[in-house]
Trainee: 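Can you keep this structure in mind? I'll have questions shortly.
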Amino acid sequence: MSEVTYDLLRARGLTTVFGNPGSNELPFLSGMPDDFRYILGLHEGAVLSMADGYSLVTGEAAFVNLHAASGSGNAMGALTNSVYSHSPLIVTAGQQVRSTIGQEVMLSNVDAGTLMRPLVKWSSEPTCAEDVPRTMSQAIHTALQPGRGPVYVSVPYDDWAAEAPAETARLLDREVHGAAALSGGQIGDLIDLLEGATNPALVLGPAVDADHANAHAVQLAEKLRAPVWIAPSPSRCPFPTRHPSFRGVLPAGIADLSQTLAGHDVILVVGAPVFRYHQYVPGKYLPDGARLIHITDDPGEAARAPFGDAYVAPIANTLDVLATMVTASDRAPLAPPADFPEVGSTGSGLDPAHLFALLRGAAPHDAIYVNESTSTGDAFWAQMDLSQQGSYYFPASGGLGFGLPAAVGAQLADPHRQVIGLIGDGSANYGITALWTAARFKIPVIIVILKNGTYGALRGFSKILNTGETPGLDVPGIDFVQIAEGYGVRGSAVDTAEDFTTAVKSALAAGEPTLIEVRTTFGQS
Ligand code: TPP
């Protein structure tokens, strides 16, 4: 059974296995063909986030193999991000021998099919050994269908030795084609709405970037001469940040968001949920007189939105058709962006805005940033010049432990673009073991640790929630250079602009994984 399953994985391009093994998984792994590679992660949260980073950058499914319920459980926090980044992860786990699961022997995954069910798109344990390859095929096709997302399959380890039925081979070259697109009438309605608007606005989400629709979005914004915001809590960058239309990221509170959009009569949201609010700031969902139209390829996103009219349609195709067909507006052109805000650091440590400005100058223009620095978002978006598809990733559900491993997975996926992880000194600890994988597999990622000694974002929230000083807000006394060296990654610690720039240039030249710990200031407390 393992041979035909590997044939199936190969046919789907899934020859990289991200995993952490246990006894239940050994019979599957022992049959692994030579053209497969096994990327070992030391903790399942890191394994899953590495696979996620890999899938985000390739745009394809990624295969994960975990150990029974305990390994799967370790990965579930990380999986919350994959759900909202729509990452088609094929998560598998080894199960005890079929005849013994009911006894709950060691490492049985009791009721395996339900373990991950609230998170995954589909979950199963095949009813018999003969159904393992077909179940795996169903998992892959399900994960990749629009409204992409992770799936889970548990396989009893005695299944791998069973003989596959001859007809199983038919799975290998089956395709599942998707074809839905908006009708001519629906497109006509949208064009009428956009052309009839006095002051339209675009709000773009991660699916625009995921669907490589960035250039179509630019064309639409230019023809409409409309401002563009990124939808709140962004996990990707769908629009060039130095384009005249770019207005930044919408605030993640209900009232703040509608105030920001005041004056717009038509708001077209593409490729984002409506909306991923974060801090609860009650108010009106929309400014007075505004109509919101929502285009998403995820039926669930469309159904659960509390307002607006939704169209479930492919993102790139819809944006392309709208941008091509809409008549260019004769509104005044938008002004080019202002200069980058002034930066500088006073006292000890770098201001994060200063750090980003230095990075903008020193890093390649096509660098990929994986960001898990949670209190520095405003400074990042103000300082960075991101213009290419696939330049930015952030944990889509806010679950820490994504950034560092996802940066490693992203660099593995794309050796031609430098991946730079921007990781807070709090966040780094949740996925730190991925440093070992970077060293072991010589993955030349650069990890910048922003060391402010605190859980800065929580300090920000303690103001919003008016909770004052609570326990557990500071993380002093962690030496990331020593930790990196312990895992086999070269590291250095800096606290001045000159030293940071030198360290980045040296890391870029090194061609090996490098960690730079930067002392940063935290000015918001
Ligand atoms: N645990 C997980 C798995 N995810 C979370 N989002 C949190 C806890 C809560 N949390 C959100 S932001 C944050 C914490 C603990 C602080 C992160 O601090 P750091 O990485 O140092 O970045 P800073 O906010 O200081 O920029």
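One-based numbering, in listed order, for ligands and for the atoms of each.
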Trainee: To check your reading of the model: name the closest protein heavy atom to atom 19 (P) of ligand 1, its residue, and the distance in Å.
Mentor: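 Result: Gly426 N, 3.5 Å.
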
Trainee: Examine the side chains of Ser154 and Glu125 and answer whether a donor and an acceptor come within less than 3.5 Å of each other.
Mentor: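 Looking only at side-chain atoms, Glu125 and Ser154 do form a donor-acceptor pair, the distance falling under 3.5 Å.
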
Trainee: Can you tell me the protein heavy atom closest to atom 22 (O) of ligand 1 and the distance?
Mentor: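 For this ligand atom, the closest protein heavy atom is Thr374 OG1, 3.1 Å.
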
Trainee: Quick one: does Gly77 get within less than 4.0 Å of ligand 1, heavy atoms only?
Mentor: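 The answer is no, since Gly77 has no heavy atom less than 4.0 Å from ligand 1.
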
Trainee: So, is the end of the Arg242 side chain (NZ or CZ) under 6.0 Å from the ring centre of Phe340 and within 45° of the ring's axis?
Mentor: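 Yes, Arg242 and Phe340 form such a contact.
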
Trainee: Considering heavy atoms of the protein only, find what lies nearest to atom 26 (O) of ligand 1 and give residue, atom and distance to 0.1 Å.
Mentor: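 Sorting protein heavy atoms by distance from atom 26 (O) of ligand 1 puts Ser375 OG, 2.7 Å first.
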
Trainee: Under 4.0 Å from any heavy atom of Gly424, which atoms of ligand 1 are there?
Mentor: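 Atoms satisfying the 4.0 Å criterion: 19 (P), 20 (O), 21 (O), 22 (O).
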
Trainee: Nearest non-hydrogen atom to atom 8 (C) of ligand 1 belongs to which of Tyr455, Phe522, Phe461, Tyr430?
Mentor: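 Among Tyr455, Phe522, Phe461, Tyr430, the closest heavy atom to atom 8 (C) of ligand 1 belongs to Tyr430.
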
Trainee: To check your reading of the model: name the closest protein heavy atom to atom 25 (O) of ligand 1, its residue, and the distance in Å.
Mentor: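 For this ligand atom, the closest protein heavy atom is Gly456 N, 2.8 Å.
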
Trainee: Any nitrogen or oxygen of Leu400, side chain or backbone, less than 3.5 Å from one on ligand 1?
Mentor: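 Yes.
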
Trainee: At what distance, to the nearest 0.5 angstrom, does CH2 of Trp229 lie from CZ of Phe246?
Mentor: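 So the CH2 of Trp229 and the CZ of Phe246 are separated by 11.0 Å.
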
Trainee: Exactly one of Thr92, Leu89, Leu119, Val120 should register a side-chain contact (heavy atoms from CB on, under 4.5 Å) with Tyr152. Which one does?
Mentor: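 Only one of Thr92, Leu89, Leu119, Val120 forms a side-chain contact (heavy atoms from CB on, under 4.5 Å) with Tyr152, namely Val120.
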
Trainee: Can you tell me how far apart CG (Asn65) and CG (Leu40) are? Round to the nearest 0.5 Å.
Mentor: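 One finds 11.0 Å between CG of Asn65 and CG of Leu40.
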
Trainee: For the CG atom of Leu350 and the CG atom of Leu355, what is their distance to the nearest 0.5 Å?
Mentor: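 If I round to the nearest 0.5 Å, the distance is 5.5 Å.
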
Trainee: Which bit of Leu458 is near ligand 1, meaning a heavy atom under 4.0 Å away: side chain, backbone, both or neither?
Mentor: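 It is the side chain that touches ligand 1; the backbone stays farther off.
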
Trainee: Provide, to 0.1 Å, the distance between atom 6 (N) of ligand 1 and the closest protein heavy atom, together with that atom's residue and name.
Mentor: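 Going atom by atom, the protein heavy atom closest to atom 6 (N) of ligand 1 ends up being Gly398 O, 2.8 Å.
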
Trainee: In terms of atom number and element, which parts of ligand 1 are under 4.0 angstrom from non-hydrogen atoms of Ser427?
Mentor: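 Within the 4.0 Å cut-off of Ser427, ligand 1 contributes 17 (C), 19 (P), 20 (O).
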
Trainee: Shortest non-hydrogen contact from Asn24 to Ala68?
Mentor: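 Scanning both residues completely, I find the closest heavy atoms to be ND2-CB, 3.7 Å.
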
Trainee: Decide, yes or no, whether a salt bridge links Arg459 with Asp474 under the criterion of side-chain N to carboxylate O below 4.0 Å.
Mentor: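 Salt bridge between Arg459 and Asp474, a charged N being under 4.0 Å from a carboxylate O: yes.
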
Trainee: Tell me the contacting part of Asn452 for ligand 1: side chain, backbone, both, or neither, using a 4.0 Å heavy-atom threshold, strictly below.
Mentor: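 The side chain, only.
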
Trainee: Can a donor-acceptor pair be found between the side chains of Ser506 and Arg490 at a distance below 3.5 Å?
Mentor: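 The answer is yes; a qualifying pair exists.
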
Trainee: Would Thr376 count as being in polar contact with ligand 1, using the rule that some N or O on each side must be under 3.5 angstrom apart?
Mentor: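 No, Thr376 has no N/O under 3.5 Å of an N/O on ligand 1.
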
